[in-house]
Structure formats: structure tokens, C-alpha cells
> 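Dropping a structure here in C-alpha cells format, bear with me for questions.
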Amino acid sequence: MYREWAPDPAIAGRVACVWTNVAVSTSTQLVVPDGCVDLVWGPDGPQVAGPDTGPMPVRMSRGDRYTGIRFLPGAVGEVFGVPVEALRDARVPLAELGVLPNLTPGTMQEALAVRLREVPGLDPAAAAIAEALGTGGSVGQVAWELGFGERQLRRRSLRAFGYGPKTLQRVVRFQRALRLARRGTALAEVALACGYADQSHLANEVRRLAGVPLGGLLRA
């Protein structure tokens with residue numbers, strides 16, 4: 001059973017939510033790209049789940065409990081002592097990163113608040129980059145609108161999100177499509193609103209990013 005709630009005010013500017021997931025049966029759950037980085041305490045201890053570019057199946061046994069802190073897209077910075085790009089498509093034990101020692105599930109938010117005060121600030125353009133790419137315009141167009149060169153946009157996108165702008169655009173667009181579809185919006189309208197060429201393009205992108213058809217993802 002999954003549930004989430006708002007983070008403590010001390011970390012709210014960087015964190016989307018705090019969550020728990022307790023497996024009610026033995027199964028494989030699918031984690032799909034969302035542009036986020038999570039600090040997760042599971043049966044094997046704490047680890048960092050980096051930004052994904054494809055589906056990540058997680059095998060859970062009945063009774064397994066996970067507690068997590070999900071960073072807002074582009075908001076993790078170098079909290080874990082490495083560039084976000086180094087965490088892409090990875091699940092890294094926290095002990096290997098040498099930060100946040102003596103962590104427990106009950107102290108995760110407090111320890112993270114202290115760590116956030118120690119690391120450099122974030123790129124102030126990160127949110128604007130994600131929003132602009134989500135409109136479906138080309139990378140060159142987005143760079144021009146934000147006053148960047150394309151190489152500068154790529155550097156800033158990698159530093160903030162762990163993705164280049166093209167991949168970030170695909171992930172942002174996919175997540176927007178998923179939100180609209182879950183609200184009951186017709187898929188043809190979803191494709192149009194999110195900048196896909198047509199409904200077939202939407203279906204193909206969902207399969208590439210999530211590994212399953214959109215209908216199966218919605219049922220899950």
C-alpha cells in the first residue's frame with residue numbers, strides 16, 4: 001500500500017513528498033521515469049534512486065516496507081556528493097556515497113535538512129527549463145526562448161536533472177500525458193495537448209519509457 005504526504009517545511013523547497021510503500025503481496029512493481037531522485041530506505045537499507053530513462057522493475061515480498069523522500073525535478077543538486085548525471089538509471093547504496101551517515105528512517109528529513117544547508121545552491125533556471133521543454137518545442141527553440149545556446153542548455157539540463165534536454169523533454173511530456181490520461185482525458189486529446197504527433201506517437205513513447213502500454217500503466 002502506497003501513501004505520500006507533504007515534507008517538513010525545512011526541506012519543502014527541494015522535496016516533492018515523503019512516501020511509504022508496504023507490499024501487501026509478493027509482486028513486481030514498475031517504477032517509471034519522472035525526472036526525480038529519491039532517497040529510499042528499504043529492506044536492504046538506504047539507497048539513492050537516480051533519475052531514470054526507462055522502466056525499473058522492483059521485486060517486493062509481502063510485508064516489505066519502503067520509506068522515501070522524493071526530490072522535486074531538478075532540485076537534488078549535489079546533495080549526495082556526486083553530479084546527478086552519475087546517478088542516472090542507478091540504485092546506489094547510500095554508504096557508497098559517503099554522505100548522511102548514521103541515517104535512520106525516522107531521521108531522514110532532519111538529516112536531509114542539515115545536508116541541504118551545506119551544499120551549493122541550485123540552478124535558478126531549472127524549473128523554467130523543465131516547463132519550457134514540456135511545451136513540446138524543439139530544443140533549439142527552447143534554448144532561444146530562455147536566452148541560452150544549445151550547448152549551454154545541455155550543460156545546465158545535465159547538471160540539474162541528470163538528463164540532456166531531449167531526454168528531459170520526453171520524460172516531462174510523458175508524465176504530463178500520464179496525469180491527463182489518469183483524469184480521463186481522451187487519448188487523442190492527450191497526444192495533442194502534450195505535443196505528440198498523434199496518438200500512435202504517444203503510445204510508442206509510453207512503451208519506450210514505461211515498458212508497457214498506456215492502458216496497462218493506468219490500471220497499475
Side-chain angles (χ1 to χ4, degrees), residues 1-122 126 130 159-163 171 174-175 178-179 209-212 217 220:
M1 179 179 295
Y2 177 87
R3 60 182 290 263
E4 63 181 48
W5 59 94
D8 288 343
I11 60 174
R14 304 276 291 271
V15 169
C17 67
V18 180
W19 56 268
T20 59
N21 194 9
V22 180
V24 297
S25 63
T26 297
S27 63
T28 298
Q29 296 195 10
L30 193 62
V31 178
V32 298
D34 60 3
C36 298
V37 173
D38 287 58
L39 172 60
V40 184
W41 192 295
D44 297 324
Q47 64 176 359
V48 177
D52 297 323
T53 61
M56 285 285 186
V58 179
R59 183 67 176 172
M60 299 178 67
S61 298
R62 183 177 180 179
D64 282 353
R65 181 182 182 88
Y66 293 79
T67 300
I69 294 177
R70 179 166 300 130
F71 285 83
L72 290 163
V76 68
E78 293 195 10
V79 166
F80 298 110
V82 296
V84 186
E85 185 181 2
L87 300 170
R88 187 174 60 223
D89 291 322
R91 301 296 184 265
V92 183
L94 189 62
E96 293 184 8
L97 298 172
V99 296
L100 298 172
N102 305 316
L103 194 71
T104 69
T107 63
M108 288 173 71
Q109 294 195 73
E110 181 181 357
L112 183 57
V114 173
R115 177 64 179 165
L116 288 174
R117 292 195 293 269
E118 298 173 347
V119 295
L122 300 176
R159 189 180 303 121
F161 301 96
Y163 304 131
V171 171
F174 161 69
Q175 280 294 325
L178 191 55
R179 288 193 298 271
L209 288 169
V212 295
L217 195 58

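Nothing here was measured: the structure is a model prediction, and the numbers come from that model.
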> Would you say D34's side chain and C36's backbone share a donor-acceptor pair under 3.5 angstrom?
yes
> With a 4.5 Å heavy-atom cut-off, do L103 and R115 have their side chains touching?
no
> Would a 4.5 Å heavy-atom cut-off, applied to side chains only, mark V22 and R3 as touching?
no
> Is there a donor-acceptor pair closer than 3.5 Å between any side-chain N or O of T104 and the backbone N or O of T107?
yes
> With sequence neighbours left out, write down each residue that passes salt bridge (charged side-chain N to carboxylate O under 4.0 Å, His left out) with E78, or none if nothing qualifies.
none
> Heavy atoms only: give me the nearest C17-P7 pair and the separation to one decimal.
CA-CD, 4.1 Å
> Flag the pair V15 / Q109 as yes when at least one side-chain heavy-atom distance between them is below 4.5 Å, and no otherwise.
no
> What I'd like to find out is whether the side chain of L116 reaches to under 4.5 Å of the side chain of V79, using heavy atoms alone.
yes
> With heavy-atom distances below 4.5 Å as the criterion, would you say the side chains of V48 and F71 are in contact?
no
> Tell me which donor-acceptor pairs under 3.5 Å the side chains of residues 84-96 have, and how far apart each pair is, sequence neighbours excluded?
from: R88; atom 1: NH1; to: G162; atom 2: O; distance (Å): 2.7
from: D89; atom 1: OD1; to: T53; atom 2: N; distance (Å): 2.7
from: D89; atom 1: OD1; to: T53; atom 2: OG1; distance (Å): 3.1
from: D89; atom 1: OD2; to: T53; atom 2: OG1; distance (Å): 2.6
from: R91; atom 1: NH1; to: D52; atom 2: OD1; distance (Å): 3.0
from: R91; atom 1: NH2; to: D52; atom 2: OD1; distance (Å): 3.3
from: R91; atom 1: NH2; to: D52; atom 2: OD2; distance (Å): 2.8

> Under 4.5 Å between any side-chain heavy atoms of D38 and W19, yes or no?
yes
> Just so I know, are the side chains of N21 and Q29 near enough to count as touching, which here means a heavy-atom distance under 4.5 Å?
yes
> May I ask you to decide if R62's main-chain N or O and T26's side chain share a donor-acceptor pair within less than 3.5 Å?
yes
> V37 and P51: which non-hydrogen atoms are nearest, and at how many Å?
CG2-CD, 3.6 Å
